[in-house]
Amino acid sequence: MSEIGNTGYRMSVEGTRGAEATVRLAGRLALESLEPLMAELQAVPGRLEPRKIAVDVSGVEYLDSAGALALIEMENLSRSRGIPFEILGVSERDHGLLCLIDREALQRPPLRPESESPAVVVKLGEAARRQYRDFLEVMSFVGELVAALAFCLAHPRSVRWEEVKFTMKRAGADGLPIVALISLLLGLIMAFMSSLQLKQFGANLYVANLVTIAMVRELGPIMTAIIVAGRSGSAFAAEIGTMVVNDEVNALVTMGFDPIRFLAVPKVLAAMLVVPILTIYADFFAILGGLIVGITGLDLTAFTYIQQTKASIRIFDFATSLVKAVVFAMLIAGIGCQRGFQVRGGAEGVGQSTTSAVVSAIFLIIVADSAFAIMLHYVRQ
Amino acid sequence: MESPNIDPVIIVEGLTARYGDVTILEDVSFEVRRGERFMILGGSGCGKSTLLKHMIGLLQPHRGRVVIDGVDITRADEETLNRVRSRIGVLFQADALFGSMSLAENVALPLAEYTALPPGLIRDIVRMKLGLVGLAGYDNHMPAELSGGMRKRAGLARAMALDPMFLFFDEPWAGLDPVTAAELDILIRSLNEGIGTTMVFVTQELASIFSLGQRVIMLHKDVKGIIARGTPQELRETSADPRVNRFFNRLAD
């Protein structure tokens with residue numbers, strides 16, 4: 001007989017008020033009918049106020065642990081009301097099941113109370129401590145990373161260049177299409193929006209200056225860095241975090257490798273090499289976007305637009321933009337690896353560290369960019 | 001109660017399993033009877049975990065069929081498949097408890113998903129299940145705080161949450177010390193005998209094979225299929241196949 005699709009139990013109660021009550025159960029006492037079964041059973045003592053309750057289960061075809069639970073809860077209820085209770089007609093197999101259930105365990109409170117959410121002051125204190133610990137960990141990681149990079153500078157052969165090349169391809173070449181697309185659209189939008197204003201003054205030509213200066217000085221490095229943080233910073237954190245969870249990092253340590261030199265240095269080097277190149281591409285595609293708007297919407301020739309672009313940019317701006325890109329790359333790759341090494345626990349920890357890697361990287365990029373803006377302002381003068 | 005030991009509830013027929021072009025199992029057929037403890041044995045790489053994954057519908061066979069309780073799960077639609085799945089419990093090798101949930105939440109998850117029971121009743125069932133596996137009181141502990149044996153038992157409690165008709169175990173003894181493994185044997189036996197759940201094990205743990213196995217099949221990678229069937233004692237004492245002898249007597253090739 002298949003037990004799928006055959007549901008339901010039958011229950012009848014014999015006995016008058018105040019006398020002995022006999023409850024006859026038949027059919028399936030199983031999980032799917034647990035709720036009505038328990039409600040119906042537990043109504044019996046209140047309705048009849050019997051001297052004694054006997055439950056006859058000889059007609060039961062199938063009893064699972066949920067059905068057994070209903071019987072045991074009924075027994076507990078009767079006992080608590082001082083009514084004698086017995087179960088009749090239990091088959092050998094069902095008897096085994098009823099014996100398996102630890103009646104005491106149903107009543108026993110958990111060893112540990114459900115964690116309540118702590119008071120605001122406690123939360124605040126914990127958050128502050130977490131921030132402080134996080135700061136210490138980042139600082140010590142920065143120290144170790146700088147030491148490892150310095151070591152690699154002195155011993156270039158100790159760097160795993162194969163890994164560097166691989167990461168360069170993943171973070172750089174594979175990221176080029178999205179960087180190109182976003183920059184092109186950015187250039188188009190900037191040129192289009194500014195042309196609406198500049199047209200009124202007949203200053204169409206200055207669209208080229210606007211796009212070029214904005215892109216090369218500020219937006220190129222920042223947009224590229226944010227895209228790389230989202231694509232690769234998160235990937236670094238997830239990769240190293242999963243290695244921590246799987247004891248792979250411990251394996252490296254026991255084999256005598258420095259995990260930072262082995263895992264973090266190639267990623268940081270690859271990012272430092274590849275993000276400036278991506279930034280150049282971003283600048284190029286944004287200028288191309290501006291050029292498209294210039295030719296199609298502003299009646300400029302390609303030659304004039306390019307001449308104007310050349311005139312508006314100095315080598316100094318271009319060089320500082322690349323320096324910025326290198327610094328951003330260090331921040332992204334460094335924080336990505338650090339968040340990875342920080343992972344504790346399992347899948348949830350990896351998820352948290354990945355999110356944190358991207359958020360922290362973007363935060364650091366903006367802070368660093370602000371610092372550059374002020375510094376460069378004084379250097380240019 | 002219907003008599004056990006005759007009616008097959010899981011039928012595997014002509015199963016051929018492939019990963020890409022690599023054939024793992026070729027034309028494997030066997031039956032599992034209601035209420036028995038059935039074991040799939042074999043050395044590493046013989047395809048026993050692959051076979052288990054086909055039996056619980058995680059992988060689609062290249063050829064052949066798997067019938068569970070009258071439903072061919074290789075051809076069933078999603079709805080039927082889910083109904084069958086709610087009758088199946090699986091204890092994975094790496095216990096697969098959700099690390100971000102307490103034990104009670106882990107066990108309550110399938111109950112909340114597949115039934116419409118009120119929270120109070122779910123809590124009672126969870127307590128009962130944790131009590132069944134000897135973890136009464138550990139409701140609010142996190143999986144990471146427990147020992148390997150306790151996690152295995154918690155995984156078993158979750159696998160049993162919906163009172164499945166079938167329990168599948170993938171190497172349940174892996175990584176357990178002998179004492180804990182023996183305790184798990186006793187627990188599994190009492191659950192099998194008390195609740196009558198049909199149990200299928202994938203294992204290579206000799207001690208547990210002899211203490212729990214009622215009928216076994218043995219797979220071998222050379223033939224990509226079954227090389228022996230019977231009770232563990234029969235295979236140890238009467239099998240003429242040297243590969244079976246080496247396995248049961250723990251000898252090197």
Side-chain angles (χ1 to χ4, degrees), chain A residues 1-6 28-39 42 60-70 72-73 76 91-116 245-246 344-352, chain B residues 1-2 4 7 9 34-35 68-71 80 83-84 86-87 97-104 111 114-118 120-125 127-145 160-165 187 190-197:
Chain A
M1 181 198 69
S2 166
E3 275 157 358
I4 291 182
N6 172 15
R28 281 173 60 87
L29 304 188
L31 186 64
E32 60 268 14
S33 50
L34 179 61
E35 203 184 349
L37 172 67
M38 277 185 89
Q42 296 187 348
V60 171
E61 294 153 17
Y62 177 77
L63 178 80
D64 72 3
S65 65
L69 177 72
I72 288 171
E73 294 267 322
N76 289 340
S91 70
E92 197 180 323
R93 178 188 160 281
D94 295 349
H95 181 73
L97 173 57
L98 284 168
C99 289
L100 265 186
I101 295 177
D102 182 356
R103 282 150 208 251
E104 201 200 326
L106 291 174
Q107 309 291 331
R108 204 185 305 157
L111 291 172
R112 177 189 301 167
E114 221 162 308
S115 54
E116 289 162 20
V245 171
N246 291 340
R344 295 291 172 273
E348 201 191 12
V350 176
Q352 271 175 1
Chain B
M1 200 64 219
E2 62 275 85
D7 56 355
V9 281
R34 186 183 296 282
I68 294 186
D69 206 36
V71 180
T80 324
R83 211 177 61 222
V84 176
S86 72
R87 298 256 151 178
L97 291 170
F98 303 115
S100 54
M101 298 181 182
S102 69
L103 287 199
L111 288 165
Y114 280 105
T115 68
L117 296 174
L121 216 45
I122 288 185
R123 205 186 51 229
D124 286 347
I125 298 178
R127 284 216 174 142
M128 171 183 71
K129 300 285 171 181
L130 287 176
L132 273 181
V133 298
L135 286 175
Y138 285 89
D139 309 37
N140 298 325
H141 281 64
M142 302 303 277
E145 298 170 307
M160 294 195 316
L162 293 170
D163 268 296
M165 293 172 63
L187 174 66
S190 71
L191 292 174
N192 172 256
E193 285 166 1
I195 304 178
T197 317

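Chain letters run A, B, ... following the sequence lines, proteins first, then strands; residues in each count from 1.
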Check your understanding: Between A:A347, A:G349, A:S65, which residue shows the highest count of heavy-atom pairs closer than 4.5 Å to chain B?
Key -> A:S65
Review point. Taking side chain as C-beta onward, heavy atoms only, is A:P110 less than 4.5 Å from B:H141?
Key: no
Point to revise | Segment of A:A66 engaging chain B (4.5 angstrom heavy-atom cut-off) | key: both
Practice item. Drop me the distance from B:L121's CG to A:M38's CE, to the nearest 0.5 angstrom. Key: 5.0 Å
Practice item. Pick one of side chain, backbone, both or neither for B:T115, based on which atoms fall under 4.5 Å of a heavy atom in chain A. Key: side chain
Study note, to complete from the structure: When rounded to the nearest 0.5 Å, the distance separating CG of B:L132 from CG of A:L97 is 8.0 Å
Point to revise | Segment of B:A116 engaging chain A (4.5 angstrom heavy-atom cut-off) | key: backbone
Exercise for review: For A:Y62 and B:D163, work out which heavy atoms get closest and say how close.
Suggested key: OH-O, 4.3 Å
Exercise for review: Could you tell me which of A:E35, A:E348, A:H95 has the largest number of non-hydrogen atom pairs under 4.5 Å with chain B?
Suggested key: A:E35
Practice item. Check whether A:E92 gets within reach of chain B through its side chain, its backbone, both or neither, counting any heavy atom under 4.5 Å. Key: neither
Study note, to complete from the structure: CD1 (B:I122) and CG (A:L34) are apart, to the nearest 0.5 Å, by 10.0 Å
Review point. Contact part of B:L130 toward chain A, heavy-atom cut-off under 4.5 Å: side chain, backbone, both or neither?
Key: neither
Exercise for review: Could you tell me the separation between the NZ atom of B:K129 and the CG atom of A:L69, rounded to the nearest 0.5 Å?
Suggested key: 8.5 Å
Check your understanding: So which of B:G70, B:G134, B:P118 has the biggest tally of heavy-atom pairs under 4.5 Å with chain A?
Key -> B:P118
Study note, to complete from the structure: Comparing B:G99, B:S100, B:G131 against chain A, the one with the most heavy-atom pairs below 4.5 Å turns out to be B:S100
Review point. Which atom names give the shortest non-hydrogen contact between B:N140 and A:R112, and what distance separates them?
Key: ND2-O, 2.8 Å
Point to revise | Heavy-atom pairs under 4.5 Å with chain A, option from B:S86, B:A104, B:G137, B:S102 with the top count | key: B:G137
